Amino acid sequence: MTVLLAVRPDFSLPAVVRSHGWIQMVPFAELPDGGLSYIVRLSCGIVVRFTVQAITSGLRVDTTDILSVEEQSELQETITWMLGLEQDFGKFYQLARQEPKLAKMVERKAGRVLRSPTLFEDVIRTILTTNTLWQHTLKMCRELVRRFGDPLPTNHDLHAFPTPERLALENEATFREQIRMGYRAPYVVNLAQVVASGVLDLEDYKTSSLPMPQLRKELMKIIGVGGYAAANLLMLLGRYDYVPVDSWALKVVSNEFFGGAPITPKQVLTTFERWGEWQGLAYWFWDWKVN
DNA sequence: GGTAGACCTGGACGC
DNA sequence: GCGTCCAGGTCTACC
């Protein structure tokens, strides 16, 4: 079935889809026209594949199944969150237009960051990106989805991202041996268990009114989420007043602003401080020198 | 608050 | 084929 969605004038679907590496991780996939394909498990338990494509009047959403009114509504809410359709970048674009290194991103209508349907999923993905090579991250995610995600009824080779409840049934050894997660295994087990049991309501953070420093502290209470991971999650939550500093950030900021000399994470943060509530975005979409 | 070392995997490299 | 080195963040212990 087909559903149409309206978007703001500053929205670009390919810009969101290609905003970062999530699109390379199952069950995300990019369509040839820059659109999005994703397999989602709705709250009623059905697994649906949907595609999103840009059309003149906004977005066209096609699903593999006929959905009830409630399911359609849930799917629309999910897509709105995933693509950041609710976000307004007017104020940021005004500032960014005055910075040559951000001119291209304004032109591309970039700024939105592709999100998973749930924060639980984004936390797991983020943990899988830490302290390893990107190819290993992709492999861990692929195996996690293939082994524990509910299959698409029309194609059992495709799966939705596993639920906290499903992952909470597994133990550390399974994740170490089958998913090759290494020391990250207890982090994932713990997160699945606290979310599945209701001890931690991660999805509540999507609408949290906590100031950034407190929200960052809350995120860092999750075992396996340190400074970088928390900053990355803040970006995904639409909080852009902090920069996710990893080894890449140290490298590009050093090359751009410090002549390639070794720098500290604090120097990265100081460099982007002037962007205030938008510093995360300014860093993320900066037109970095490529060496 | 800052620092050092352990934790894991997988790719690159030398033998 | 085997061993070694390295990259990549987080946690814990210690100062």
Side-chain angles (χ1 to χ4, degrees), chain A residues 20-26 113 115-116 119-148 162 164 167 170-195 199-200 202 205 211-237 239-240 242-256 258 260-273 279-280 283-284 286 288 290-291:
Chain A
H20 64 136
W22 265 208
I23 191 64
Q24 297 175 36
M25 298 167 90
V26 289
V113 181
R115 297 156 160 165
S116 302
L119 189 59
F120 170 75
E121 186 174 326
D122 275 337
V123 176
I124 297 284
R125 289 186 197 282
T126 300
I127 288 173
L128 298 186
T129 65
T130 59
N131 202 25
T132 193
L133 302 177
W134 182 242
Q135 290 309 318
H136 184 213
T137 296
L138 294 180
K139 188 181 169 193
M140 287 188 280
C141 183
R142 192 168 57 238
E143 287 303 306
L144 197 69
V145 169
R146 185 175 73 82
R147 289 175 186 272
F148 306 118
L167 293 182
E170 301 300 330
N171 57 34
E172 262 185 61
T174 305
F175 291 146
R176 280 181 192 272
E177 291 156 20
Q178 296 185 15
I179 315 295
R180 310 299 291 166
M181 272 186 197
Y183 67 89
R184 299 169 199 81
Y187 302 163
V188 172
V189 170
N190 170 73
L191 184 63
Q193 287 175 347
V194 293
V195 172
V199 170
L200 175 64
L202 268 184
Y205 292 146
M212 183 279 288
Q214 276 95 315
L215 185 53
R216 182 167 171 266
K217 274 186 190 167
E218 287 299 310
L219 290 168
M220 288 179 71
K221 285 181 186 171
I222 300 169
I223 304 169
V225 174
Y228 161 74
N232 195 55
L233 291 165
L234 284 170
M235 289 278 295
L236 290 165
L237 285 167
R239 304 293 195 96
Y240 305 118
Y242 202 74
V243 175
V245 183
D246 58 3
S247 53
W248 167 256
L250 293 171
K251 185 180 166 188
V252 292
V253 173
S254 167
N255 286 340
E256 187 90 18
F258 297 90
I263 59 169
T264 62
K266 204 167 183 180
Q267 285 175 289
V268 174
L269 297 176
T270 308
T271 302
F272 282 89
E273 241 171 23
Q279 51 193 290
Y283 159 75
W284 198 287
W286 197 263
W288 298 106
V290 178
N291 282 359

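Treat the numbers as computed from the prediction; the structure is a model and nothing was measured.
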Closest listed nucleotide, where the reference is the side chain of Tyr183(A) and the choices are dT10(C), dC7(B), dG8(C):
dC7(B)

Below 4.5 Å, heavy atoms only, C-beta onward: do Val123(A) and Val225(A) meet side chain to side chain?
yes

Provide, to the nearest angstrom, the distance between the CE atom belonging to Met181(A) and the C1' atom belonging to dC8(B).
13 Å

Arg180(A) CZ - dT9(B) P separation (whole Å):
5 Å

Below the 4.0 Å mark, does dC8(B) have OP1 or OP2 next to a side-chain nitrogen or oxygen of Arg184(A)?
no

Looking only at the side chain of His136(A) (C-beta and beyond, no hydrogens), which of the listed nucleotides dG10(B), dC11(C), dT10(C) gets closest?
dG10(B)

Expressed as a whole number of angstroms, how long is the span from Leu219(A):CG to dG9(C):P?
18 Å

Which part of the nucleic acid, if any, lies within contact of Ile222(A), taking any heavy atom under 4.0 Å across all strands shown: a base, the sugar-phosphate backbone alone, or nothing?
sugar-phosphate

Under 4.0 Å, heavy atoms only, any strand: does Thr132(A) hit a base, just the sugar-phosphate, or nothing?
base

Any base atoms under 4.0 Å from Ala185(A), or only sugar-phosphate, or nothing? Heavy atoms, all strands.
nothing

How close or far is atom P of dG8(C) from atom CZ of Arg125(A), stated in whole angstroms?
22 Å

Determine the contact category for Ile223(A): base if any of its heavy atoms lies under 4.0 Å from a base atom, sugar-phosphate if only primed atoms, P, OP1 or OP2 are that close, otherwise nothing.
sugar-phosphate

Are there over 12 heavy-atom neighbours, none belonging to Ile23(A), within less than 6.0 Å of that residue's CD1?
yes

Round to a whole Å and report the spacing from CD of Gln135(A) to C1' of dA7(C).
14 Å

To the nearest Å, how far apart are Trp134(A) CH2 and dG8(C) C1'?
13 Å

dG8(C) base / Tyr228(A) side chain donor-acceptor hit below 3.5 Å:
no

Value in whole Å for how far the P atom of dC8(B) lies from CZ of Phe175(A)
16 Å

For Phe148(A) together with Phe175(A), are the ring centres under 6.0 Å from each other?
yes

Centroid-to-centroid, Trp286(A) to Phe272(A), below 6.0 Å?
yes

If you measure only the distance, is there a donor-acceptor pair under 3.5 Å linking the side chains of Asn255(A) and Trp288(A)?
no

Nearest whole angstrom, please: distance from the P of dG10(B) to the CE of Met140(A).
8 Å

Check whether any side-chain nitrogen or oxygen of Lys139(A) sits under 4.0 Å from OP1 or OP2 of dG10(B), and answer yes or no.
yes

